[in-house]
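Just so you know, ligand 1 is whichever comes first in the structure, and atom 1 is the first atom listed for that ligand. For reference, positions follow the sequence shown, starting with 1.
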Amino acid sequence: MKIKNIILIIITVLVLGVSVSQGHSDIWYCPMHPNYTSDRPGQCPICGMDLVKKIEAPAQQKSTVEGYAVISVQASKQELIGVRTTIVTKNKGAIIVPRDAVMDTGARKIVFVQKDEETFEPREIQTGREADNGYEVISGLKEGEHMVVSGNFLLDSQSRMQASLEQGG
Ligand SMILES: [Zn+2]
């Protein structure tokens, strides 16, 4: 368990650590395909839509989960660690999240919600019964939100690390 955590932290530092201190230059992105970015204005090669300039958001979002920070991960890094999201939908009146989307600490269950193309917010969810395909969500997620279903363990690690850095000053 200990060794696994240490390895995870090392991977996190290697993969994500650099992005924390790196300054951004201007970035344009496609509103329909936020993973497509360019360093200059133009059109999206997938849908032809005009690219939109990314506004740097200095306003730090506050995490609602103690010990977890809202994190920013560049699109290229997301690709590297295999971040995938899905839109939260209701099925027969219930929101079901796949098991892989949930970081279960034992005391609580954490999912990550993508707020914009680079921002991920940790959420604590309350779950109900366990279904074949995952957990029923009682609270913590809303329909239409973008939930991370893959690559979340590295986001989790990064989020906790950043929270402890912010706390420690
Ligand atoms: Zn597009």
Gap between atom CZ of F120 and atom CE of M147 - 0.5 Å precision: 13.0 Å
Roughly how far apart are L51 CG and R40 CZ, rounded to 0.5 Å? 11.0 Å
Starting at OG of S157, measure out to CD of Q162 and round the result to the nearest 0.5 Å. 11.5 Å
Charged N to carboxylate O under 4.0 angstrom, R123 versus E121? yes
Enter the distance from E145:CD to K115:NZ here, rounded to the nearest 0.5 Å. 5.5 Å
Atoms of protein origin (N, O or S) under 2.8 Å from the Zn ion (ligand 1): C30 SG, H33 ND1, C44 SG, C47 SG
In terms of side-chain geometry, is the basic nitrogen of E130 or R99 positioned less than 4.0 Å from the acidic oxygen of its partner? yes
